[in-house]
Structures are given as structure tokens and as C-alpha cells.
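Pasting a structure below so you can have a look.
Every number for a ligand or one of its atoms is a count from 1 in the order of the listing.
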Amino acid sequence: MQANIDATVIEEVFRKQKAASMRLKQKTVQERLDSLRQLKEWIKSNREKIKEAVWDDLKKPPTETDLTEIYVVLSEISHAVKWLPKWAGVHKIKGYLPLVGSKSYIQMEPKGMALIISPWNYPFNLAIGPLVSAIAAGCTVVLKPSEMAPSTSRLIGGMVSEVFREEEVTVIEGGPLVVQTLLSKPFDHVFFTGSPAVGKSVMKAASEHLTSVTLELGGKSPVLIDKACKISEVAERVVWGKFLNCGQTCVAPDYVLVHETEADRFFEEMKVQVRKMFNPKDRGTANNEDYGRIINPQHLERLQDMFSEALDKGAQIVVGGEVDKAGNYMAPTVLREIRTDLKLMQEEIFGPLLPVLTYSDIDEAIAFINSKPKPLAIYVFTEEDFFSDYVLTHTSSGTAVINDCAVQFGHPGLPFGGVGQSGMGKSHGYYGFLAFSNQKAVLHQKTGFTPVRNLYPPYGFKKRKIVSLFLRFK
Ligand SMILES: NC(=O)C1=CN([C@@H]2O[C@H](COP(=O)(O)OP(=O)(O)OC[C@H]3O[C@@H](n4cnc5c(N)ncnc54)[C@H](OP(=O)(O)O)[C@@H]3O)[C@@H](O)[C@H]2O)C=CC1
Ligand SMILES: CCCCCC(=O)O
């Protein structure tokens with residue numbers, strides 16, 4: 001069901017879901033599996049509609065939508081369908097001597113009512129991925145997609161109406177004001193994907209009800225390139241990870257630190273790879289199959305400001321630089337001779353600009369990375385394990401990839417999420433299931449004698465001896 005932004009509608013939706021959430025708590029694993037399978041069938045049957053909606057919103061190449069919006073979600077559903085019986089089952093806990101005779105286990109209980117707030121850059125994937133986890137956990141869901149991706153938002157509303165009962169999942173469209181109204185309600189979990197700035201306001205609002213949150217945020221994810229790498233392979237992987245979705249990707253490389261001895265070769269290879277993957281020949285054509293567009297004129301202007309400032313302060317273009325305002329087009333652009341005080345090096349770029357800096361000493365590079373907030377990802381390219389071990393030991397990030405970029409997002413077995421400014425909580429697979437679950441600890445004590453009785457008062461001489469004995473063996 002799609003609800004308009006009227007506050008009374010939100011009130012009504014909340015009331016219905018509150019009433020349903022206790023009943024749905026008893027929703028069996030089989031019922032949840034049935035819902036996930038129906039969702040999967042809908043997605044597979046409506047692939048073209050999804051691609052059209054995402055094209056309307058972002059001019060995202062249909063094949064890229066297939067890969068990064070549809071395939072990733074189908075993979076998440078298949079993973080959940082395979083493992084849900086185990087995730088939702090009883091997790092037995094090993095015995096504990098002082099409680100000998102008791103049985104302990106963890107019971108996974110749905111948190112209850114979930115609010116999912118999703119961004120525009122992967123408007124299908126980042127709305128439905130968390131929804132899969134919430135359904136698997138047995139939660140009811142209010143889903144608020146981005147109004148900056150209206151076609152995909154409408155498609156999701158229609159899909160939800162067809163697949164779920166209204167009291168199970170409701171899509172409420174709208175922007176910041178709708179979010180603020182929704183956040184005034186005492187949900188049991190809020191799953192937010194977006195910028196750190198908005199993430200803070202979401203967390204603040206949720207704290208009024210002590211509602212748990214998952215914050216999937218962003219940040220400046222560095223690429224660190226060691227000496228003696230296979231530079232053409234490195235360039236290929238950096239170009240793909242960076243310019244996918246025109247760089248509008250939370251796990252995209254934000255800047256590169258390349259060892260000074262490799263810099264010239266790296267720049268040459270970046271030219272080769274950009275031209276090979278995203279040849280500007282299609283620039284401006286409506287049906288470009290390989291490269292998308294910036295979401296709107298405001299974001300294009302933001303990126304142009306960053307770009308102009310960099311050029312004014314000495315940055316040089318290695319490849320790219322073309323901008324076509326009419327088509328919200330900015331070419332995949334690699335820059336060198338970068339000053340560290342540029343806006344480009346202070347704020348998350350979230351677009352197709354890639355500043356490249358050189359370093360001579362690994363500790364200098366690590367100090368630079370650590371001078372910034374902890375990123376969502378760190379990408380290390382090296383042939384030496386000690387190098388990657390050293391970097392991962394001396395830096396902190398939500399995720400880390402050695403010798404590739406962005407692919408960690410697609411592995412349903414890995415927890416995904418940030419740390420510090422780049423986010424809190426994890427998503428995907430079992431970790432997404434846990435985000436929406438209360439891990440209830442259950443201890444079933446035996447009747448009759450248990451060692452615990454020796455700890456009851458009155459604490460006479462004998463009792464004190466027993467307690468000392470207990471302590472001596474700890
Ligand atoms: N960790 C991750 O998995 C990901 C993180 N991101 C991060 O998200 C950011 C880009 O996405 P973007 O959508 O622009 O992020 P925003 O934070 O601007 O928006 C995210 C969501 O919050 C809503 N929103 C926007 N402003 C407010 C506000 N003042 N109060 C309440 N809600 C608000 C938006 O609604 P509406 O859009 O309708 O205005 C949208 O639904 C980047 O920082 C990127 O790194 C992006 C993708 C994945
Ligand atoms: C490769 C797909 C990544 C999608 C989520 C993001 O990083 O914005």
C-alpha cells in the first residue's frame with residue numbers, strides 16, 4: 001500500500017502495523033519463506049519494469065541495473081531463503097558449570113515494527129535489500145524510499161501492494177518532512193541508508209524512543225596502491241569500482257594514494273581503462289548502455305564546484321573532464337597534483353571525480369588515511385600479504401578489500417556497514433537478519449538441587465567457605 005504524506009495516514013498505518021506486529025511475531029518461518037519467494041518471483045517477472053523505472057530516475061544503463069540493483073537483491077533473497085530456518089532456529093548454548101543441569105539457548109525474536117529509509121543512488125537495491133532482512137526476521141515494515149527517485153519509489157509501492165498485506169509492509173512516499181513525522185513514532189528498529197549528516201538526525205529522533213538503529217552511511221573510502229603491483233589490473237578494478245553509477249556509490253573509491261614509483265604507469269593505465277569501459281563516444285546520447293548520469297542538476301553543480309576549485313588550485317586532468325549540463329553528464333575524470341585542502345579531499349565526492357595523490361612511505365599514507373573519519377571501505381592493492389596486513393592493522397574501516405573495489409557489497413555472507421562516521425550496525429545476510437531481531441537469551445533451570453542454592457543467604461561460616469572455594473577456582 002502506498003500512503004500519501006498526510007500525518008493522519010501515517011498515524012493510521014502505524015496503528016494497523018502495531019496491531020499486526022504482535023500477531024506477525026508468531027509468523028512462522030514457513031510464512032516468511034513464502035513471502036520472500038513471492039517477492040523473488042515478482043522481481044524476476046518485472047525485471048523490465050524495474051530497469052525502466054531506474055532508467056527514468058537515474059538514466060542507469062539497464063545492464064548495470066540488472067547487475068547492481070536486481071541481481072544483488074535476488075542473491076540476498078536466495079541467501080535468506082536458504083539459511084532462514086537455521087537463523088530463526090534455537091541457538092543452543094554450551095553448559096556452564098555453576099549452572100550445571102540448566103539448559104540455555106538464544107531465541108531469535110522479531111524486534112517488531114521496522115522503519116526503513118532508503119536513498120536515491122541504488123533506489124531499488126537499497127530499499128529492498130533491508131526489506132528482505134526485515135521480512136526474514138518477522139518484522140512489519142514501513143518503507144520510505146527516496147523522493148529523488150520517484151519512478152522507482154512508485155514501482156516499489158506497487159510491488160509491495162501486490163506481494164504483502166498492508167499491515168505487513170507499507171510504502172510511504174515523500175521527503176524529509178515525511179521522515180521526520182515517521183521518526184516521531186515509536187518504531188522498534190530504524191534502518192537508515194544515507195548521508196552521515198541525516199544519519200545523525202535520524203539517530204537523535206530515534207533516541208527519543210530508545211529505538212535501535214542501523215545507520216548505513218558514507219564517507220571517503222581510500223585506495224592504497226603498493227609498489228610493484230600489476231598496475232593495469234589495479235587500474236581496471238579502480239575504474240570499475242569508482243565510475244559504476246557515475247561514482248554515486250557509497251563504497252566507491254573516493255581518492256587514491258599511489259606509491260610515487262608507480263604513479264606515471266598508473267595514470268597511463270587509468271586513461272586506457274576509462275576509455276575502454278566508458279568511452280565518451282556515447283556522451284549525451286539518450287541510450288548510452290555503459291555509463292549513467294548525475295542524479296540531478298544540483299548534484300552536478302556540487303561536483304562542478306569541487307572540480308573547478310581543484311583546477312583553479314593546480315589540479316591536472318589525467319583523463320575526462322567533459323561536462324554536459326543539459327544531460328547531467330560528467331565524464332569519468334581522474335585528477336593529479338591534488339592539494340589536500342581542496343573540498344574534493346574534505347567531503348565525500350559521491351560522483352565521477354577521482355583525485356590521485358602519491359606517497360613515498362607507507363606510514364605517511366596511513367597517517368593521511370587516519371587523519372580523516374573512519375571510512376566505509378579501504379581498498380589495498382598489493383602483492384605482499386605483510387603490506388595489506390600492516391595497513392589493515394594500522395587503520396580502521398567498516399569494510400576492507402584487498403586487490404579489488406566495491407565487490408564486498410555483493411557478498412551476502414559478509415557483514416556490511418560502516419564504523420564511526422561511516423555508520424553503525426551491519427546489514428546483508430545473517431547480519432541483516434540480526435539487525436531486525438532481538439536475540440532473547442533463555443535459561444531453563446532444573447528443579448531440585450542446583451549449585452546456586454549454595455549462594456543463598458544467610459551467609460554463615462559454611463557458606464562463606466563455599467563462596468571462597470568458588471572464587472579460588474575462577
Ligand atoms: N552505507 C550505504 O550502504 C550507503 C550509503 N549512502 C550514502 O548516502 C548518501 C547519498 O544518499 P542520499 O539519498 O543523498 O542521502 P540523504 O541522507 O540525503 O537521504 C537519505 C534518505 O533520507 C531522507 N532525507 C534527506 N534529508 C533528510 C532530512 N533532513 N531529514 C530526514 N530525512 C532526510 C531522504 O529522503 P529524500 O531522498 O526523499 O529527500 C532519503 O530517503 C551518501 O553519503 C552515501 O555515501 C548511499 C548508499 C549506500
Ligand atoms: C555495487 C553496488 C553497491 C550498492 C550500494 C552502494 O555502495 O551505494
_Heavy atom to atom 3 (C) of ligand 2, shortest distance: which of Trp240, Phe409, Phe416 holds it?_
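Closest candidate by heavy-atom distance is Phe409.
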*Give yes or no for whether the N/O distance cutoff of 3.5 Å, strictly under, is met between Cys250 and ligand 2.*
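So ligand 2 has an N or O lying under 3.5 Å from an N or O of Cys250.
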_Under the side chain to side chain donor-acceptor pair (under 3.5 Å) test, residues paired with Ser212 that sit two or more places apart_ =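 Ser212 satisfies side chain to side chain donor-acceptor pair (under 3.5 Å) with Lys111, His189 only.
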*Of the non-hydrogen atoms in Ser35 and Ile135, which two are nearest, and what is the gap between them?*
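Of all heavy-atom pairs spanning Ser35 and Ile135, the closest is CB-CG2, 4.0 Å.
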Between ligand 1 and the protein, which N/O pairs are shorter than 3.5 Å?
from, atom 1, to, atom 2, distance (Å)
ligand 1, 1 (N), Glu216, O, 3.4
ligand 1, 1 (N), Glu216, OE1, 3.4
ligand 1, 1 (N), Leu217, N, 3.3
ligand 1, 1 (N), Leu217, O, 2.6
ligand 1, 8 (O), Gly194, O, 3.2
ligand 1, 8 (O), Ser195, N, 3.4
ligand 1, 13 (O), Trp120, NE1, 3.4
ligand 1, 14 (O), Trp120, NE1, 2.8
ligand 1, 15 (O), Ser195, N, 3.4
ligand 1, 17 (O), Ser195, N, 2.9
ligand 1, 17 (O), Ser195, OG, 2.7
ligand 1, 30 (N), Gln180, NE2, 3.3
ligand 1, 35 (O), Lys144, NZ, 3.0
ligand 1, 37 (O), Ser146, OG, 2.6
ligand 1, 38 (O), Lys144, NZ, 2.9
ligand 1, 38 (O), Glu147, N, 2.6
ligand 1, 38 (O), Gly174, O, 3.3
ligand 1, 41 (O), Ser118, O, 2.8
ligand 1, 41 (O), Lys144, NZ, 2.9
ligand 1, 43 (O), Glu348, OE1, 2.7
ligand 1, 45 (O), Glu348, OE1, 3.3
ligand 1, 45 (O), Glu348, OE2, 2.6

*Does the Thr382 side chain pair with the main chain of Ser388, one donor and one acceptor, at a distance under 3.5 Å?*
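Here the side-chain-to-backbone pair does not exist.
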*Less than 4.0 Å between a side-chain N and a carboxylate O, is that true for Glu269 and Arg265?*
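No, this pair does not count.
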*Residue pair Gln408 / Tyr379, side-chain donor-acceptor N/O under 3.5 Å*: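 The answer is yes; a qualifying pair exists.
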*Pair Thr249-Tyr122, side-chain donor/acceptor within less than 3.5 Å*: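 Yes, Tyr122 and Thr249 have a side-chain donor paired with an acceptor closer than 3.5 Å.
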*Protein heavy-atom partner closest to atom 1 (C) of ligand 2 - residue, atom, separation in Å*: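 For this ligand atom, the closest protein heavy atom is Leu244 CD2, 4.0 Å.
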_Side chain, backbone, both or neither: which applies to Asn121 and ligand 2 if a contact is any heavy-atom pair less than 4.0 Å apart?_
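Side chain only.
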*Excluding sequence neighbours, so at least two apart, what forms ring-ring contact (aromatic ring centres under 6.0 Å, His included) with Phe387?*
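With sequence neighbours excluded, Phe387 shows a ring-ring contact (aromatic ring centres under 6.0 Å, His included) to no residue whatsoever.
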Enumerate donor-acceptor pairs with a distance under 3.5 Å from any side-chain N or O in residues 343-350 to protein atoms, sequence neighbours excluded.
from, atom 1, to, atom 2, distance (Å)
Gln346, NE2, Thr340, O, 2.5
Glu348, OE2, Gly219, N, 3.4

